[in-house]
Amino acid sequence: MTNASVPETGLGDADDPAALTDGIHLVIEALRRNGVKNVYGVVGIPITDLARVAQASGMRYIGFRHESDAGHAAAAAGFLTKRPGICLTVSAPGFLNGLVALANATTNCFPMVQISGSSERHLVDLQRGDYEEMDQLAAAKPFVKAAYRVHRAEDIGRGVARAIRTAVSGRPGGVYLDIPAAVLGEVIDKEQGAASLWEVVDPAPRQLPEPAAVDRAIDLLAGAERPLVVLGKGAAYAQADDQIREFVETTGVPYLPMSMAKGLLPDDHPQSAATARSLALRRADVVMLVGARLNWLLGHGEAPQWDPSATFIQVDIAATEMDSNQPIAAPLVGDVASVMEALVERSKPGRIPAAQEWREELAARSAQNAVKMAKRLQAAKTAHPMKFLGALQAIRDVLGDHPRAYVVNEGANALDLARNTIGMRTPRHRLDSGTWGVMGIGMGYAIAAAVETGDPVVAIEGDSAFGFSGMEIEAVCRYNLPVVTVVLNNSGVYRGDEASTSADPAPTALKARHDLMIQAFGGKGYQATTPDEVATALREALASGAPALIDCVIDPSDGTESGNIAHLNPKGITVQRP
């Protein structure tokens with residue numbers, strides 16, 4: 001029996017339906033009261049009616065083909081909105097699929113809540129072999145910010161409230177909420193149920209930095225010869241765009257944006273050190289990290305990537321992040337907006353010098369690198385077969401006429417080369433593989449960007465990366481979303497020209513016509529073999545506002561193994577053909 005026809009009570013065949021409700025309706029009403037408008041998931045036992053009732057209540061439910069993709073969508077929604085993205089999954093295997101995305105959200109500090117149905121505790125704890133039996137709460141705990149289980153329908157409101165507050169407060173992250181099937185079906189008095197729900201008040205309050213800590217940081221910057229600000233995706237998430245811009249521009253300190261922070265200031269801003277990254281990191285003597293962590297993406301703050309004598313300032317909502325890799329001489333604990341406001345206010349008398357010589361040194365290196373890149377791009381324009389850079393500069397030129405378009409990007413070479421080729425001018429309009437370097441985020445992130453904003457999305461995918469979530473182009477077509485997927489197809493993982501040592505294809509070999517794939521779902525497919533064809537197809541697809549996919553045929557020999565992180569890939573002795 002479905003309850004979708006009676007969203008007010010969920011019990012159309014009860015003696016007095018107006019006086020009763022159930023766990024399913026309480027979950028949806030609890031989410032509604034807390035401003036949730038979109039839910040992502042995969043239906044099945046025991047959460048199918050949750051999706052139906054969500055839709056009937058006015059929420060938008062977006063159904064996926066795989067729970068990981070639904071989870072990635074919820075995570076991206078959290079990043080874009082600063083509200084927890086909600087993912088619904090079934091029990092056991094479905095829960096585990098979603099857990100991959102939930103763990104990735106936690107690692108990337110995106111607020112997300114995964115709500116999963118589960119088996120009954122009296123069966124799970126005695127290991128009686130129930131349908132999809134698993135202790136999901138215990139499985140989730142090591143990978144998330146927090147995990148909760150609801151045992152009674154009257155506690156559903158409390159569980160949702162705790163999950164939402166935990167997901168967005170302090171350092172954002174993923175929260176798991178376990179609701180057994182019996183709780184979803186539990187019937188209670190409607191008034192009692194309504195009284196058990198509430199809206200979370202101020203779940204992510206401002207956290208002001210200590211004035212002495214602000215002065216300490218300003219003193220370090222004032223004494224620097226080669227200061228540098230590194231902007232991370234935490235700075236982008238904070239939506240403190242005006243405060244960050246004011247600090248950078250009033251102090252004159254050069255800045256380096258990490259990939260998802262691109263666009264906080266335009267990539268062609270005169271203080272940007274993005275095109276002189278190696279020099280900036282190697283020479284900077286005082287470095288202020290804003291929503292960025294000294295993890296592997298920044299070489300852990302160690303030589304040879306950094307000056308061994310560099311001094312670090314760090315802006316972070318979590319005090320526990322300080323000193324995780326290097327000594328932090330000036331920890332600034334607080335939310336990014338509050339910290340940047342305090343820095344601007346207390347540095348107004350001109351305490352921080354403009355570092356003109358340092359800026360000129362970086363500008364000179366940027367100009368040299370720009371010349372080198374221009375030569376590579378020019379060579380790629382006429383290369384046949386088409387190179388990555390040929391396709392990417394065509395995409396770049398078209399995107400220049402579509403400033404509202406979001407860019408989703410994943411792969412190895414596709415990620416590294418797109419990041420360096422396609423400039424961003426708008427905050428939070430670039431979403432990519434992030435801290436874990438996870439492949440498969442593409443379609444989930446693209447769908448969330450389209451659903452949450454209504455703006456066009458261009459997903460730039462390596463052919464290998466696209467394979468992880470490619471089936472979700474069916475969801476793109478089903479919901480008629482303005483998503484254009486561009487697959488850089490060099491017929492392989494990293495590259496497609498590796499010779500096989502057996503009768504089977506080489507380990508890195510792939511083979512697909514992705515443009516034909518989307519046609520099966522009702523979308524528009526293009527195959528492009530030249531940069532001009534890429535540009536023509538992308539312009540047409542964006543103008544249509546409809547689902548489309550461009551399969552860009554790339555030279556199989558074009559690509560570097562593991563992209564820019566080949567040094568992390570162990571190499572054995574040369575394998576000989578038997």
Side-chain angles (χ1 to χ4, degrees), residues 220-221 224-233 235-236 244-245 247-314 326 352-380 389 392-393 396 409 413 415-425 427 430 432 560 563-567:
L220 285 173
L221 288 169
E225 293 182 3
R226 298 178 300 280
L228 180 69
V229 172
V230 177
L231 301 175
K233 64 177 173 290
I244 291 170
R245 177 186 281 270
F247 176 78
V248 169
E249 293 184 339
T250 57
T251 62
V253 175
Y255 73 93
L256 177 68
M258 301 298 285
S259 83
M260 284 182 62
K262 287 164 67 70
L264 278 170
L265 293 93
D267 276 353
D268 58 0
H269 193 283
Q271 287 170 245
S272 174
T275 51
R277 174 189 171 97
S278 296
L279 177 67
L281 299 186
R282 191 172 65 252
R283 293 266 292 144
D285 59 354
V286 175
V287 181
M288 185 168 79
L289 306 160
V290 182
R293 293 172 284 182
L294 281 176
N295 55 23
W296 71 277
L297 291 165
L298 285 171
H300 306 289
E302 298 173 349
Q305 193 167 346
W306 294 85
D307 183 337
S309 63
T311 299
F312 291 98
I313 303 164
Q314 187 164 4
Q326 298 295 330
I352 301 174
Q356 188 61 35
E357 290 185 9
W358 171 229
R359 287 174 59 180
E360 290 174 357
E361 180 182 353
L362 291 171
R365 179 61 59 86
S366 292
Q368 292 176 13
N369 290 342
V371 169
K372 293 178 182 177
M373 186 59 149
K375 291 180 179 178
R376 293 181 65 194
L377 291 173
Q378 184 60 38
L389 287 177
L392 287 169
Q393 62 185 313
R396 176 201 63 191
N409 188 203
N413 295 283
L415 174 67
D416 294 333
L417 294 171
R419 181 177 55 231
N420 295 330
T421 304
I422 299 174
M424 304 302 299
R425 301 188 61 82
R430 177 183 168 83
D432 64 32
T560 301
N564 285 343
I565 55 173
H567 62 285

- request: If a pair satisfies side chain to side chain donor-acceptor pair (under 3.5 Å) and one of its residues is in residues 274-291, list it, with sequence neighbours excluded.
  value: Thr275-Ser366, Arg283-Glu361
Leu289 side chain reached by Leu298 side chain, heavy atoms, under 4.5 Å: yes
task: Mind checking the CD-CG spacing from Glu360 to Leu362? Nearest 0.5 Å is all I need.
output: 10.5 Å
message: Using a 6.0 Å cut-off, check whether atom CD of Gln305 has over 12 heavy atoms from anything other than its own residue.
response: yes
- prompt: Between atom CG of Leu264 and atom OG of Ser272, what is the distance when rounded to the nearest 0.5 Å?
  reply: 11.5 Å
task: Verify whether one side chain among Arg419 and Asn409 offers a donor that lies under 3.5 Å from an acceptor in the other.
output: no
query: Okay, side chain of Gln271, backbone of Val253: is any donor-acceptor separation there less than 3.5 Å?
result: yes
query: Of the non-hydrogen atoms in Ala236 and Ala261, which two are nearest, and what is the gap between them?
result: CB-CA, 4.2 Å
- request: Indicate yes or no for a side-chain donor-acceptor contact from Thr421 to the backbone of Leu417 under 3.5 Å, with no hydrogens or angles considered.
  value: yes
Which residues share a side chain to side chain donor-acceptor pair (under 3.5 Å) with Arg376, sequence neighbours left out: none
- prompt: To the nearest 0.5 Å, what is the distance between CD (Gln378) and CD (Gln393)?
  reply: 7.5 Å
message: Strictly by ring-ring contact (aromatic ring centres under 6.0 Å, His included), give each pair with a member in residues 287-308 just once, sequence neighbours left out.
response: Trp306-Phe312
- request: Look up atom CG in Leu279 and atom CZ in Arg365, then write down how far apart they are to the nearest 0.5 Å.
  value: 4.5 Å
